[in-house]
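Notes follow once the structure below has been shown.
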Amino acid sequence: MKPSLSILLATALLSGCASVSQTPPLDPVSVTPRDEDRSVTPYIEWNPRPLARSGDQLTLSVEEAIFTALERNRELRIQTLEPVKAGAFELIERGQFRPELYGVLQAGEEEVSENSRATGEQFSVTGRDAGGEIGIRQSLATGTDIELSIEQDRSISSRTPEQQEARLGLSITQSLLRGFGPAVNLASVRQAQLDTLASQYELRGYTEAFVAEVESAYWQYVLAREEIAIFESSLELARRERDEIEGRIEVGALSQTDGALSRGEVARRESALIDARAYLDEQRFRLVRLLNANLDGSLDFQILATSQPDVDHEPLHEIEARIELALQKRPDLNEARLRLAQDRLQTAVTKNGLLPRLDLFVTLGKTGYADTFLDSFENIQEDSYDVTAGLRFNQFLGNAAARGRDMLARANRAQAADAVLNHEQIVRLDVRLAANEVERARQQIEATAQIRIHLEETVQGEVERLEVGSTTALQVAEARRDLLASRIQEVEALISYRLALIDLYLAEGSLLERRGISL
């Protein structure tokens, strides 16, 4: 596979894989790769500098968070090597059609006893032989095997003079039935090519899911932060009201019951704030893990998220166009189509495997004889030659194995075809459901805003009635709880809309392009 086909994830991934000096430790035991491991592929080299240390604060927008994670996350880096591995298998398959140079050099000596036919006496014969052969052979996609060779033999015997033999040979074997034609012989190469492309679709799908996970984690962290701000403001207000009520109790304007209610409300808000802070830490840990900002696995630093959840929320249009986009770009669907193409290639191979093996072979040779090395090659031009031609046939009786392989390949192809159609239906459903969720979240933004406005008016009215003694502290507390819940719901609606858009772009297969990332 050419280097230009290597997977490069936009600027972030390029910067993470380029110009480094030493591979970082792989685990806390400080085990580093061996030199031979480091030389396997340039993608092993990776040593981005830490962005944060323990106790530091990292300021990030949602875009910066995505590209930081793309550059530094180890899981994603592992996945980027899968297309490289697939390309290596493609090279392996292509290698079977490359010319092969071979050579043989041998020498031998023997001593035997022979009987003279004339006298019947036994005598010893000593002989030495040496020879060599060099040639080139290649298998072609047409089902043709070609071999061109040059041989030289030298023999010396105690009874015969030295003899040098030189031979130039050409051998051609052509498959006539099984193994005939490029469609069959190139199937494994084409399947490897499809595997390489499929691995790129797999990487795209993984990267889309990863970007969605990072972006979702970022907005969940923002939501947790906004909730803490709401709880802190609510707690401060509850404490002020508690102090006011305690003062009015002292002058006899309110009962001790109202004081207990106000103190209970403060405790309730403090408890909610404790949970909110724990949830914020949980979301921070998840986001920090994805960012891998300090490379050592430590999660002990803070994040200042600068992006706001507010976003223009217009009604969705052209749902059918989004479905068509998804049918073109969804990596899982495209991978399924590639698997179907592979199964089609396999059925061509197994169908050809049902045929008997019938090969036509032709061997041509020119031989020169002499008592010296150079003369033997010069004498190749003389009339001596050899020609062999024939047919070679073989077939298993019943051919059960070949029929079984063909049956399996056809079943796999039928399954793959149905799987593609089923996947297309799932893609259409995914887009419809995601668009429906986006529209629901969009409407909830407006609805929750209206609820919050009305509850603010309700709380204000309850407070005014409490001041004139026409309501109770309990009713005021209940109204404030409803207002607190509505403020949280309003923020949740904004984040839900953000998350719904991410799911819609995932369903479309367009998330990477929308975030400025290309494969």
Discussion item. Is the shortest side-chain heavy-atom distance between R357 and S175 below 4.5 Å?
Written reply: yes
Worksheet item: For L338, does its backbone N or O pair with a side-chain atom of Y201 as donor and acceptor, under 3.5 Å?
Response: no
Worksheet item: H423 and side-chain hydrogen bond (donor to acceptor under 3.5 Å, both in side chains): which partner among N334, D418, D332?
Response: D332
Worksheet, complete the sentence: Interatomic distance, CZ@R413 vs CZ@R344, rounded to 0.5 Å, equals 5.5 Å
Worksheet item: Can you list the steps and then say if Q342 with D195 is a side chain to side chain donor-acceptor pair (under 3.5 Å)?
Response: CA-CA 8 Å; Q342 285 183 316; D195 268 331; 2.9 Å; yes
Practice prompt. Would you name the heavy atoms of G516 and F67 that are closest together and state the gap between them?
Written response: O-CZ, 4.0 Å
Worksheet item: Taking the side chain from N185 and the backbone from G179, do they hold a donor-acceptor pair closer than 3.5 Å?
Response: yes
Discussion item. Distance check, rounded to the nearest 0.5 Å: E133 atom CD versus R167 atom CZ?
Written reply: 8.5 Å
Discussion item. Run F89 and T196 through side-chain contact (heavy atoms from CB on, under 4.5 Å) and show every step you take.
Written reply: CA-CA 8 Å; F89 284 110; T196 302; over 6 Å; no
Worksheet item: Would you find more than 12 non-hydrogen atoms of other residues, nucleotides or ligands less than 6.0 Å from R322 atom CZ?
Response: yes
Worksheet item: Would you say F396 has more than 12 foreign heavy atoms packed within less than 6.0 Å of its CZ?
Response: no
Discussion item. For V62, is there any backbone N or O sitting under 3.5 Å from a side-chain donor or acceptor partner on S307?
Written reply: yes
Discussion item. I'd like to check R178 versus Q395 (side-chain heavy atoms, cut-off strictly below 4.5 Å). Are they in contact?
Written reply: yes
Worksheet item: Atom CD1 in I426, atom CG in L333: separation rounded to 0.5 Å?
Response: 9.5 Å
Worksheet item: Checking R330 side chain against G509 main chain: does a donor-acceptor pair fall under 3.5 Å?
Response: no
Worksheet entry | Heavy-atom check, side chain of T367 versus side chain of E165, under 4.5 Å | yes
Worksheet item: Quick one: does D359's side chain get under 4.5 Å of D145's, heavy atoms only?
Response: no
Worksheet item: Are the side chain of N292 and the backbone of R72 linked by a donor-acceptor contact shorter than 3.5 Å?
Response: yes
Worksheet entry | Euclidean distance, F377 CZ relative to L168 CG, rounded to 0.5 Å | 9.0 Å
Worksheet, complete the sentence: Interatomic distance, CD@E513 vs CD@E208, rounded to 0.5 Å, equals 7.0 Å
Discussion item. Using every non-hydrogen atom in the two residues, find where V222 and P309 come nearest and quote the distance to one decimal.
Written reply: CG1-CD, 4.1 Å
Worksheet item: Which is it for Y369 and E382 under the side chain to side chain donor-acceptor pair (under 3.5 Å) test, yes or no, and what are the steps along the way?
Response: CA-CA 9 Å; Y369 302 93; E382 295 182 354; over 6 Å; no
Item to complete: Would you please test Q96 and S188 for side chain to side chain donor-acceptor pair (under 3.5 Å) and show each step?
Response: CA-CA 10 Å; Q96 62 182 310; S188 61; 3.1 Å; yes
Worksheet item: Can you name the closest pair of heavy atoms from V214 and A69 and give their distance?
Response: CG2-CB, 3.7 Å
Worksheet item: Are E335 and R339 close enough for a salt bridge, meaning some N to O gap below 4.0 Å?
Response: yes
Worksheet item: So does Y385 have more than 12 non-hydrogen atoms from other groups sitting under 6.0 Å from OH?
Response: no
Discussion item. Counting C-beta onward and ignoring hydrogens, is there a side-chain heavy-atom pair between D153 and D129 closer than 4.5 Å?
Written reply: no
Practice prompt. For side-chain contact (heavy atoms from CB on, under 4.5 Å), just list the numbers for E213 and L290, CA-CA rounded to whole Å, side-chain angles, deciding distance to a tenth of an Å, and then say yes or no.
Written response: CA-CA 9 Å; E213 184 181 4; L290 293 171; 3.8 Å; yes
Item to complete: Might you work through the side-chain contact (heavy atoms from CB on, under 4.5 Å) test for N73 and R289, ending with a clear yes or no?
Response: CA-CA 8 Å; N73 186 272; R289 166 67 182 86; 3.8 Å; yes
Practice prompt. Give a yes or no answer on whether the side chain of Q138 reaches the backbone of F97 with a donor-acceptor pair at less than 3.5 Å.
Written response: yes
Discussion item. A quick test of your reading: do over 12 heavy atoms of other residues, nucleotides or ligands sit less than 6.0 Å from CD of E109?
Written reply: yes
Practice prompt. Search all heavy atoms of L345 against all heavy atoms of R190 and return the closest pair with its distance.
Written response: CD1-CB, 3.6 Å
Discussion item. To the nearest 0.5 Å, what is the distance between CG on L354 and CG on D406?
Written reply: 4.5 Å
Worksheet item: Side-chain contact, heavy-atom cut-off 4.5 Å: V362 with Q174?
Response: no
Worksheet entry | Heavy-atom pair with the smallest gap, counting every atom of A434 and A507 | CB-CB, 4.2 Å
Fill in: OH (Y206) with more than 12 external heavy atoms under 6.0 Å
yes
Worksheet item: Got a sec: does the NZ of K351 have more than 12 other heavy atoms crowding it under 6.0 Å?
Response: no
Discussion item. My understanding is that only one of R514, R515, R498 makes a salt bridge (Lys or Arg N to Asp or Glu O under 4.0 Å) with E215; could you say which?
Written reply: R515
Practice prompt. Please lay out, stage by stage, how L287 and L60 fare under the test side-chain contact (heavy atoms from CB on, under 4.5 Å).
Written response: CA-CA 11 Å; L287 182 56; L60 291 172; 5.9 Å; no
Worksheet, complete the sentence: Tightest non-hydrogen contact, residues R94 and R98, listed as O-CG, 3.8 Å
Worksheet item: Can any side-chain N or O of S171 pair as donor or acceptor with the backbone N or O of E147 at less than 3.5 Å?
Response: no
Discussion item. A side-chain contact here means heavy atoms from C-beta on lying under 4.5 Å apart; do L499 and I502 qualify?
Written reply: yes
Discussion item. Are the side chains of N412 and Q415 in contact, using a 4.5 Å heavy-atom criterion?
Written reply: yes
Worksheet item: Is the shortest distance from a Lys or Arg side-chain nitrogen in E90 or K85 to a carboxylate oxygen in the other one below 4.0 Å?
Response: no
